[in-house]
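What follows is a set of notes on a single structure, which appears directly below.
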Number of protein chains: 2
Amino acid sequence: MLSNRQLLILQVIIDEFIQTAQPIGSRAISKKQEVTYSPATIRNEMADLEEMGYIEKTHSSSGRVPSEKGYRFYVDHLLLPFHLSSADKKIISNVFNEDLVEFEHVVQNSAKVLSDLTNYTSIILGPKVFETTLKQLQIIHLSSNTAVAILVTNTGHVEHRSFTIPAEIRASDLEKLINILNEKLSDVPIIQLQERLQKELASILDKYVSDVDTAIQYLKGALFEQQPANLYIGGITNIMLQPEFNDITKVHSLYSVMEKEDVIANVLRSYQDGIHVAIGQENKVHEMQECSLITATYSLAGEQVGTVALLGPKRMEYSRVISLLNLLSTQMTNTFHRWI
Amino acid sequence: MLSNRQLLILQVIIDEFIQTAQPIGSRAISKKQEVTYSPATIRNEMADLEEMGYIEKTHSSSGRVPSEKGYRFYVDHLLLPFHLSSADKKIISNVFNEDLVEFEHVVQNSAKVLSDLTNYTSIILGPKVFETTLKQLQIIHLSSNTAVAILVTNTGHVEHRSFTIPAEIRASDLEKLINILNEKLSDVPIIQLQERLQKELASILDKYVSDVDTAIQYLKGALFEQQPANLYIGGITNIMLQPEFNDITKVHSLYSVMEKEDVIANVLRSYQDGIHVAIGQENKVHEMQECSLITATYSLAGEQVGTVALLGPKRMEYSRVISLLNLLSTQMTNTFHRWI
DNA sequence: AATTAGCACTCGTTAGATAAGAGTGCTAAC
DNA sequence: GTTAGCACTCTTATCTAACGAGTGCTAATT
């Protein structure tokens, strides 16, 4: 469909625009080493490329700018394998060489490193606690009527909730309840906990514990209400360095949506296995339609548990970013695998 | 020093500027109900106020704008007691009527409510874990050589760290260690934990546990390294709504410093008991010198444990904000007191 | 037949000029 | 002591002209 010359010109336009954020003119293209044609020839090809929708003008006599279709084609067909510098590789692997190993910790550091390396904004969706299994459940009394419930998973993740113990539940009953639960529910996937609590265990517990319904109700309330989204955002200010975001209203609308952790978490969750690139309007969240979002998933025991993403202008360094995400998600998967 | 008329005019200028963000002219002041003088008279007084440094011109024939000295005088001498609307009061007290009581939870909600009510950015420094006491210490094994250490305080705060257990420590020793620690260290202030661990307990533990040094070393590493700052920021995008921040570079520099949690935490910690107002250059952090920061502290058992703050333009609604902070910090203190 | 040089044309950007308007300082009158 | 009046200053908005980067088209060249 596209001639080799058109491919070359499209590639040059996008590469150049990614660097400069300025419309590219025929003269500038002609001057590039790999291009051997005169500006006039290039103008003809550019007119064709524009007709096909791969590039656009900002006004009638301006140079050309990639369209979203252009970026899409570039990402799908023109991406050259990018060789990460050994410095970059080292910085990333350093994240995984720390001694105190913990999901949250690794994830947070990864977010920071990723945003520092790219000057984009990194978003990491932490492991879904639901897909891990229960290691231990504990209730620790703070005073006569308050306590904190702690849930530890096999991945070292800790969830906790404080709650007030209603007068009608006896402390000894709560103790018994927890003992039984630990015995019965150890290594059960978190996602099944609620169901198991209700269905299988109610009858058993009934024998030992009085007023089991209320107790379970409170336990559920304590443990499952308001699961936090587990989202880490790094380098959020980087977006303001991009020339396409020197308009405060654009930054404001983007930042407002970034504050809504549940919205962002849902966006990331909607991308499964592998690397995904959403360019501009391809993003469903309206406020992100001036941006590109690149996501990669990481896994634990073969099960995909989280997402690493980078948010930047449509004019992103796709090649480098994809390589970085690839490396990082692989390393995360490897590291977490070792822990089980 | 200042005549009543000058006080009145200064008050009107600042009140008006806080609302409009526009320089105030003599004509506008004269039109105010409470002012009975002609523009010419007011111009004379304004010239005097300017000479004394309370107000400034933006250019030679502009209206006047409060100087930082003016704001300082306003805050110190002209602040009228502000009557919060009952709606505001209700919104705040609702934060404390939730059932699931927990420091983090209350603090986070407070930050959100505060920024929503004011349209400024709220910053809350969570309770210093050091000033609370240990309730329980736990080690939960994840696998043969990894575990998570959990520390619960009397305030329902939970700290946790994952760590790898070195080969030279026996699991049974770790168990014994924890048992002894729980027995001996219950209700000890967290801040003293490290010291007590090292000095008083080493000898006792020595009898029961082999290679106690290594074990303690690892425990300390797991518990005390990298204490997170415990900082909650709400409504960070609100700053962009202020006309003085429609320059992207200003927003960027401010946001960059807001990302450095340790810097912000130190700033807040530097203000003790009561309400403090830092206006513009009075802020030590350079990036905040276009802003005003108002802080209030809250206490637990008579001990000040955290700080609530609002960051906005110098042109802040000081009166309302101070009332809100007062109410909120009092409520926090009361609520937390009840929990002990 | 493909490529390129040449040229008229378009449009955004910048600089300067002008006018309007808001506000001041000062003087003289009240 | 207060105020009306007026000349003056400075900002802002609008307009115009010149400039330049880049295009599209045509005709010449390879």
Side-chain angles (χ1 to χ4, degrees), chain A residues 2-10 12-17 19-67 70 243-244 246-247 315, chain B residues 1-10 12-17 19-67 70 243-244 246-247:
Chain A
L2 288 178
S3 71
N4 281 339
R5 193 162 69 187
Q6 288 171 329
L7 290 177
L8 175 62
I9 290 172
L10 182 57
V12 168
I13 290 174
I14 299 185
D15 282 340
E16 200 68 10
F17 187 71
Q19 298 302 320
T20 64
Q22 298 296 325
I24 317 298
S26 55
R27 215 179 96 93
I29 299 174
S30 164
K31 272 189 180 165
K32 288 241 103 184
Q33 286 237 322
E34 62 265 43
V35 178
T36 56
Y37 312 97
S38 75
T41 311
I42 292 168
R43 279 202 288 281
N44 281 326
E45 298 288 23
M46 282 164 98
D48 289 347
L49 284 171
E50 183 173 9
E51 216 160 67
M52 289 184 276
Y54 294 109
I55 55 181
E56 300 169 341
K57 290 191 239 183
T58 60
H59 57 87
S60 77
S61 70
S62 76
R64 299 311 207 289
V65 156
S67 67
E244 34 271 270
N246 55 12
D247 176 7
R315 182 184 62 79
Chain B
M1 201 132 91
L2 288 179
S3 71
N4 280 340
R5 192 161 72 187
Q6 287 173 330
L7 290 177
L8 175 63
I9 291 172
L10 182 56
V12 169
I13 290 174
I14 299 185
D15 281 340
E16 201 68 10
F17 187 71
Q19 297 304 318
T20 64
Q22 297 296 324
I24 316 297
S26 55
R27 213 178 99 92
I29 299 174
S30 164
K31 272 189 181 164
K32 286 241 106 184
Q33 286 234 321
E34 62 266 41
V35 177
T36 57
Y37 311 97
S38 76
T41 310
I42 292 166
R43 280 204 287 280
N44 281 326
E45 297 289 23
M46 283 165 95
D48 289 348
L49 284 170
E50 182 172 9
E51 216 161 65
M52 291 184 277
Y54 293 108
I55 54 181
E56 300 170 338
K57 292 191 240 182
T58 60
H59 59 86
S60 76
S61 71
S62 76
R64 301 307 208 289
V65 157
S67 68
E244 34 272 89
N246 56 12
D247 177 8

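Numbered from 1 within each chain, the chains take letters A, B, ... in sequence-line order. Below, each value reflects all heavy atoms present in this structure, side chains not excepted, and no hydrogens, waters or symmetry copies.
Using a 4.0 Å heavy-atom criterion, one finds that A:Thr58 contacts no nucleic acid atom at all. When heavy atoms are screened at a 4.0 angstrom cut-off, B:Ser60 is found touching the sugar-phosphate backbone but no base atom. Backbone-only engagement by A:Ser62 is indicated by non-hydrogen atom pairs under 4.0 Å involving sugar-phosphate atoms exclusively.
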Any protein N or O atoms within reach of nucleotides 15-20 of chain C? Criterion: under 3.5 Å, listing atom names and distances.
none

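Counted within 6.0 Å of CD on A:Glu51, heavy atoms from surrounding residues, nucleotides or ligands total 12 or fewer; the atom is thus considered open.
Across every non-hydrogen atom of A:Met46 and A:Gly25, the tightest pair is CE-C, 4.4 Å. Taking every heavy atom of both residues into account, B:Ala21 and B:Glu244 meet most closely at CB-OE1, 4.5 Å.
Rounded to an integer number of Å, the gap from B:His59 NE2 to C:dA22 C1' is 8 Å. The CZ-P distance, from A:Arg43 to C:dT4, rounds to 11 Å in whole Å. The CZ atom of A:Arg64 sits 14 Å away from the P atom of C:dC11 (whole-angstrom rounding).
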What's the verdict on side-chain contact (heavy atoms from CB on, under 4.5 Å) for A:Arg64 and A:Ile29, showing C-alpha distance, side-chain angles and the deciding distance?
-> CA-CA 11 Å; A:Arg64 299 311 207 289; A:Ile29 299 174; over 6 Å; no

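Inter-residue side-chain proximity for A:Leu2 and A:Asp48 is flagged as unmet; no heavy-atom pair is nearer than 4.5 Å. Considering only heavy atoms from C-beta on, B:Ile55 comes within 4.5 Å of B:Leu10 through its side chain. Between B:Leu49 and B:Met52 there is a side-chain heavy-atom pair separated by less than 4.5 Å.
Under the rule for a side chain to side chain contact (heavy atoms under 4.5 Å, CB included), the partners of A:Val65 that lie at least two apart in sequence or sit in another chain are A:Phe17, A:Pro23, A:Thr58.
Both B:Tyr37 and A:Gly63 lie near DNA chain D, and the one whose nearest nucleotide falls closer to the 5' end is B:Tyr37. Taking for each of B:Thr41 and B:Ser61 the nucleotide of DNA chain D with the nearest heavy atom, the 5'-most of the two is the partner of B:Thr41.
Between atom CG of residue A:Asn44 and atom CD1 of residue A:Ile9 there is a gap of 9.5 Å, rounded to the nearest 0.5 Å.
Nucleotides of DNA chain D that come within less than 4.0 Å of any heavy atom of chain B span, from the 5' end to the 3' end, D:dT2 to D:dT11.
Between A:Ser38 and C:dT4, a side-chain N or O to OP1/OP2 separation shorter than 4.0 Å is present.
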